[in-house]
Number of protein chains: 2
Amino acid sequence: MKKQSVTLVQVAKKAGVSVMTASRAMSGEGYVSEDTKARVQEAAKALGYAPNALARVMKGGRTNVIGVVVNDLSSVVVNAFVSALTEEVRKYEMDLFIYNSIGQLDEQTQRRHSQLLHGLWDGLIYVLPRMTDEYLHELEKSASPIVLVNFCRRDTTLPVVQGDNFNAARDAVAGLIAQGHQRIAFIKGTHWTGQSAERERGYRQAMADAGLHIDKQWIEQGTYSEQSGQEAAQRLLALAERPTAIFCANDEMAIGCMNAARALNLQVPDDLSLIGFDDVTAASIVRPQLTTMRHPLPLMAQAAVQELMRRILGQPGTRQRVEFPAEMVVRESTAPIAGITKRRTRKA
Amino acid sequence: MKKQSVTLVQVAKKAGVSVMTASRAMSGEGYVSEDTKARVQEAAKALGYAPNALARVMKGGRTNVIGVVVNDLSSVVVNAFVSALTEEVRKYEMDLFIYNSIGQLDEQTQRRHSQLLHGLWDGLIYVLPRMTDEYLHELEKSASPIVLVNFCRRDTTLPVVQGDNFNAARDAVAGLIAQGHQRIAFIKGTHWTGQSAERERGYRQAMADAGLHIDKQWIEQGTYSEQSGQEAAQRLLALAERPTAIFCANDEMAIGCMNAARALNLQVPDDLSLIGFDDVTAASIVRPQLTTMRHPLPLMAQAAVQELMRRILGQPGTRQRVEFPAEMVVRESTAPIAGITKRRTRKA
DNA sequence: ATGAAAGCGCTAACAT
DNA sequence: ATGTTAGCGCTTTCAT
């Protein structure tokens, strides 16, 4: 039923030349007289000819396309990263196709995709991949170049580009401690990518470094959503000795904390300091503006593409795992613990 | 240099069967004895065989992939729409590949993409396309099914799914007029998609319907960016008789207006009412929360996919142009003109 | 139940 | 400068 698309054969016939000549005329490779070239192109245009990319690729060439698989394109971080990739890829005269595999964790669907993907791309970038071990092994055996981004589980042979979540979290919490905070809570995200676990590790390290004890009740489980952050904060703020600061595994949850604080008539940052992670757009829109940790996404995109291109071009890869330090973005949601001290300072 | 990927021939050889048998064993179509099937699959697994999607498709089948071309994936509206498409496409057991053509307006690049795309997809959805006339004509002649979304120029034969910008804008402005506003300004966006022009038409219509004169100075040119909205608002608020309300072609510019007002110590909505367009995430984060117009993106996504699938399946299309009414989201940035009246009301 | 042949649309490699 | 041949990896069709 599908309209039959025009092929080179028809163009060639119409132009009265061989298929090969038509091919040359269209691609511009090899010798063709200006005359015939024009004739062929005219015929092509008249027929509405468009070369079939698949056939061309099947002759063994590169597609000049890099695929990127993401889990949730609506995530601001993922989106920002994809934008960075889009820019980066252009430098190599490649194109980027995005596949949004949102929430599809089952083995079968994943395999279907990997098959779909196979052959269409010169290489593949997985951003914040959520995958089963078995699927990961399959990827490791795959012939086509692959780079993982922000995949924090240690057990893969594939090249990984990632932000340094551990040190970022440690710095964030150390910063709070330097401001006099001692009862510091942490709200976890989901476990899929391993990022939350790294951030928790950093939190624990900073507390240990300062010789501070962590009350079990200070560690809450969230789901990275604003709602879950709000609920976790409600529980934390209801504690007899409530925390004076909360470090959240991402910004959305920190914003949820802000809502919870407001509902209890607590002032941020005077009564409660908050630090998020990711520097999402909303972080600089909410009032008070959110202090947060930011991964250097453009640099990471650059590294990911560079690493992938090396593999596509058959050059040796550089390092198996490249890690980038995060940047602390200090805004309005954090302050020294003694509100009184602070007010005094202001008067001075 | 690229690692040679394993083909069916090698699998067949290893399993000691013909290629055809191997094919049947892998795809599950046709008769194969359980015995050989198992043997083939084992061989495939051992070799790390992955079927080549291209070759399979080239035999004339469908790819079961729908491509969507967007101009700016980082736009919240576009992103939301793509997410809606992702969901919708699943219902037809299709996959969605996204191509972010951000800012690439030149003819040559566009053509390269359309060629790149050709053959890989069963159909193509262009969201908020920015294209030259010539490129549009080329698409119209194209053999593969295409649907345009929110393409407001009237002159195309391709099926179009769009939000009703004209009536939405008219409703927005009529609402302001009903609240007593008479000096209402409008800030345009860029002209590419024709959406801003439609919104301007609605604005003018509402003003005309109410018999209100439009001062030339009330119409400002923006670029859809927050910054441009802020600058336009600065000019508007500097007028001798400044407008009491501003209708913006999108939310970002309205937020820019809010910033400009704050800088002048003007209260929104008491001193200045603001209406945006799109209901971007930030619209409900800023304080005061922004009143805005929202296109029914999920419905539109549904219509776009449905229309495209009809064409892919060779069924007759329904309508050439489907238009959806927008919804007004009333929040905190709009109020009746008489601030005094309002306060009195509050007391009561 | 299995195999052989043909061909999808295109282009490298070799003629002419 | 143009044409001929062959083949990419797979599946459809027709044997066996």
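Every chain is numbered from 1, with letters handed out A, B, ... down the list of sequences.
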Looking at DNA chain C, which of residues 42-49 of chain B put a heavy atom within less than 4.0 Å of it?
-> none
Under 6.0 Å between ring centres, would you say that holds for A/W121 and B/F97?
-> yes
What is the distance from [atom1] of [X] to [atom2] of [N], rounded to the nearest Å?
{"X": "A/K37", "N": "D/dA1", "atom1": "NZ", "atom2": "P", "result": "12 Å"}
{"X": "B/K13", "N": "C/dT2", "atom1": "NZ", "atom2": "P", "result": "20 Å"}
{"X": "B/E34", "N": "C/dA1", "atom1": "CD", "atom2": "P", "result": "10 Å"}
{"X": "A/M20", "N": "D/dA1", "atom1": "CE", "atom2": "C1'", "result": "12 Å"}
{"X": "A/E29", "N": "D/dA1", "atom1": "CD", "atom2": "P", "result": "15 Å"}
{"X": "A/Y31", "N": "C/dA13", "atom1": "OH", "atom2": "P", "result": "14 Å"}
{"X": "A/R39", "N": "D/dT2", "atom1": "CZ", "atom2": "P", "result": "8 Å"}
{"X": "A/R24", "N": "C/dA15", "atom1": "CZ", "atom2": "P", "result": "14 Å"}

Which nucleotide sits closest to the side chain of [X]: [options]?
{"X": "B/A55", "options": "C/dC10, C/dT2, D/dG9", "result": "D/dG9"}
{"X": "B/S33", "options": "D/dC10, C/dC10, C/dT2", "result": "C/dT2"}
{"X": "B/T36", "options": "D/dG3, D/dA1, C/dT2", "result": "C/dT2"}
{"X": "B/T21", "options": "C/dT2, C/dC10, D/dC10", "result": "C/dT2"}

Distance check, rounded to the nearest 0.5 Å: [X] atom [atom1] versus [Y] atom [atom2]?
{"X": "B/T86", "Y": "B/D95", "atom1": "OG1", "atom2": "CG", "result": "10.0 Å"}
{"X": "A/T21", "Y": "A/M26", "atom1": "OG1", "atom2": "CE", "result": "13.0 Å"}
{"X": "A/L136", "Y": "A/F151", "atom1": "CG", "atom2": "CZ", "result": "5.0 Å"}

With sugar-phosphate meaning primed atoms plus P, OP1 and OP2, does B/S27 contact a base, only sugar-phosphate, or nothing at under 4.0 Å between heavy atoms?
->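 B/S27: no heavy atom of the nucleic acid under 4.0 Å.
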Using distance alone, with no hydrogens and no angle criterion, decide if A/T156 and A/E140 have a side-chain donor and acceptor under 3.5 Å apart.
-> yes
Start with the C-alpha gap between B/K91 and B/E88, add the side-chain angles, then the distance that decides, and say whether salt bridge (charged side-chain N to carboxylate O under 4.0 Å, His left out) holds.
-> CA-CA 6 Å; B/K91 297 186 188 156; B/E88 197 55 32; 3.0 Å; yes
Which heavy atom of B/F81 sits nearest a heavy atom of B/L297, and at what distance?
->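 Nearest pair, atom of B/F81 first, then B/L297: CE1-O, 3.7 Å.
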Would one find a side-chain N or O of B/S23 under 4.0 angstrom from OP1 or OP2 of D/dT11?
->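 For D/dT11, OP1 or OP2 has a side-chain N or O of B/S23 closer than 4.0 Å.
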Check whether any side-chain N or O of B/S18 sits under 4.0 Å from OP1 or OP2 of C/dA4, and answer yes or no.
-> no
